[in-house]
K.L.:
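Okay, handing you the structure first.
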There are 2 protein chains.
Amino acid sequence: MASPLEKARKNPDSMKAKILTTARNLFGEYGYHGTTTRMIAQKVGIDISTLYYHWGEKKDLYDAVMADLNHELRQKIDEVQNMSIEGESPTNRLELAIDVMSDFLFSQPDSSNLILHGYFSRTRDSGPDDETPEYISHIAYAMGLAMDKSSVSVEAKALVMAVCNSIFTFVSGENFIKPMLEVDAEQYRKVVKDTLKFIIIPAVTRAKIKKEDKN
Amino acid sequence: MASPLEKARKNPDSMKAKILTTARNLFGEYGYHGTTTRMIAQKVGIDISTLYYHWGEKKDLYDAVMADLNHELRQKIDEVQNMSIEGESPTNRLELAIDVMSDFLFSQPDSSNLILHGYFSRTRDSGPDDETPEYISHIAYAMGLAMDKSSVSVEAKALVMAVCNSIFTFVSGENFIKPMLEVDAEQYRKVVKDTLKFIIIPAVTRAKIKKEDKN
DNA sequence: TAATAATTCCATCATATGTTGGAAGCTGGT
DNA sequence: ACCAGCTTCCAACATATGATGGAATTATTA
């Protein structure tokens, strides 16, 4: 029962996959309505009907892009989570996680754009999409903010959301924020990482202490 | 030399002003390409050409909306800044600022949407818009993170950006995040404020200490 | 190699969308 | 009552956009 999406992921050279990648870039940059099927087809270098042949309606292609993105993010989060589990202090592990996650998102800013788009851009054809990813609880657990994944407190989830959103906005808003800070691209990435660490690490530490006080 | 925008602000009952307000709501909800001039005209209850009579091209109307929003935000920030300047501890002042600013933005989520849209949504007709608001330095100064408004460190600006973006995403992403936290609207706003305070206040305190160490 | 299936492109359609000209209505002053 | 100017609407246009049928081409299999 391999979905068309899974098939496309398996062979990145396939036309289906090429279209998916290009569509992600453009949807990320211009949003759903800002991207036309012709733009996608042209960038791939194919006729527009070839695109329809592979993915059908525009909305279906968009949904596939979002599903693919969610899948990839989940994978990356798992990867980061399983990275150097033992032998490191919680602080070091958090710093590493921030570094890796930041590098990953900076390497493909369209992904962050898409996520933020999904937050609030209504699609006019369809209502709000409440396919809420569940990995927030996983992250909270990995940060040591909960005893088990199924019972994460509201406060812990909110803290994780704040962290994630900070990264997303810093990545998505690079072209906007960078000139405000008057730094170049390399410095920007460093400042972002440092700021995130500066904010998050002590906050997580205090949240853990708070949690333990309750027990 | 009153610009058309200023004139429209003066009389909120004027057609120009009504169009501006409606346009802001729709641009905020659906984005630039997701909003059609007909949608705006219909919601105002006028013919589409009346809209063009008052504001001209769609892009001009959008620019007016953004300029209006920036103006309003600047005003609000000044207001919060001048609120209870003396007699309160820095912590209390920050808490108050967060409460007031959050309430304000939650009362009109479209504003936060528009700002985030401006971060990354390319308009396809025009390149990135680098009209970077300058009030970040003001906020940093008000928080006590700089000696004067003209020489705010990169770190301080980045910290302020992180704070602002957190608020924006929490407000814009309410419909997305709220179900994840499994809370109702009232609780959501409280959790957001508490999370922001939890993160920001200690961070600002530490940033100030760091700044003073350098001197 | 012949037959079948999968893929790609050309031409086209219906609708959506930005935009405008001009007629009609309204308002205030004379 | 008349006029001038401002405002609003109706009708229309050109282009953009999502979508499709069918021919042509390429790959697959027997």
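Residue numbers start from 1 in every chain, and the chains themselves are labelled A, B, ... in the order their sequence lines are given, proteins ahead of strands.
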K.L.:
At under 4.0 Å, does any side-chain N or O of A:Tyr53 touch on OP1 or OP2 of C:dT7?
P.N.:
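Yes, A:Tyr53 has a side-chain N/O under 4.0 Å of OP1/OP2 on C:dT7.
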K.L.:
Start with the C-alpha gap between A:Asp103 and A:Arg189, add the side-chain angles, then the distance that decides, and say whether salt bridge (Lys or Arg N to Asp or Glu O under 4.0 Å) holds.
P.N.:
CA-CA 8 Å; A:Asp103 285 334; A:Arg189 278 151 215 233; over 6 Å; no
K.L.:
Does a side-chain N or O of A:Ser49 approach OP1 or OP2 of C:dT8 to a distance below 4.0 Å, or not?
P.N.:
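False: A:Ser49 side-chain N/O out of range (4.0 Å or more) of C:dT8 OP1/OP2.
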K.L.:
Are any of B:Thr50's side-chain N or O atoms less than 4.0 Å away from OP1 or OP2 of D:dC9?
P.N.:
yes
K.L.:
Protein-nucleotides 23-28 of chain C N/O pairs closer than 3.5 Å?
P.N.:
none

K.L.:
Mind calculating the distance between CG (B:Asp47) and P (C:dG22) to the nearest angstrom?
P.N.:
17 Å
K.L.:
Counting only side-chain N and O atoms of B:Thr37, is one of them less than 4.0 Å from OP1 or OP2 of C:dT17?
P.N.:
no
K.L.:
Rounding to an integer number of Å, can you tell me how far B:Gln42 CD sits from D:dC9 P?
P.N.:
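One finds 13 Å between P of D:dC9 and CD of B:Gln42, rounded.
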K.L.:
Quick one: which of D:dG18, C:dG18, C:dT8 gets closest to the side chain of A:His54?
P.N.:
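Shortest atom-to-atom distance from the side chain points to C:dT8.
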K.L.:
Round to the nearest Å and state the distance from A:Leu26 atom CG to D:dT17 atom P.
P.N.:
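Checked: the CG to P distance equals 13 Å.
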K.L.:
Expressed as a whole number of angstroms, how long is the span from A:Glu57:CD to D:dG18:P?
P.N.:
11 Å
K.L.:
Can you measure B:Tyr32 atom OH to C:dT17 atom P for me and round it to whole angstrom units?
P.N.:
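Checked: the OH to P distance equals 13 Å.
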K.L.:
Between C1' on D:dA12 and OH on B:Tyr52, what's the gap in Å once rounded to a whole number?
P.N.:
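Distance check: B:Tyr52 OH to D:dA12 C1' gives 14 Å.
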K.L.:
Under 6.0 Å from the six-membered ring centre of A:Tyr32 and within 45° of its axis: does the NZ or CZ of A:Lys58 meet both?
P.N.:
yes
K.L.:
Where the side chain of B:Met15 is defined as all heavy atoms beyond and including C-beta, which of C:dG18, D:dT8, D:dT20 is the nearest nucleotide?
P.N.:
D:dT8
K.L.:
Provide a list of protein-nucleic acid N or O atom pairs under 3.5 angstrom, restricted to nucleotides 12-15 of chain C.
P.N.:
none

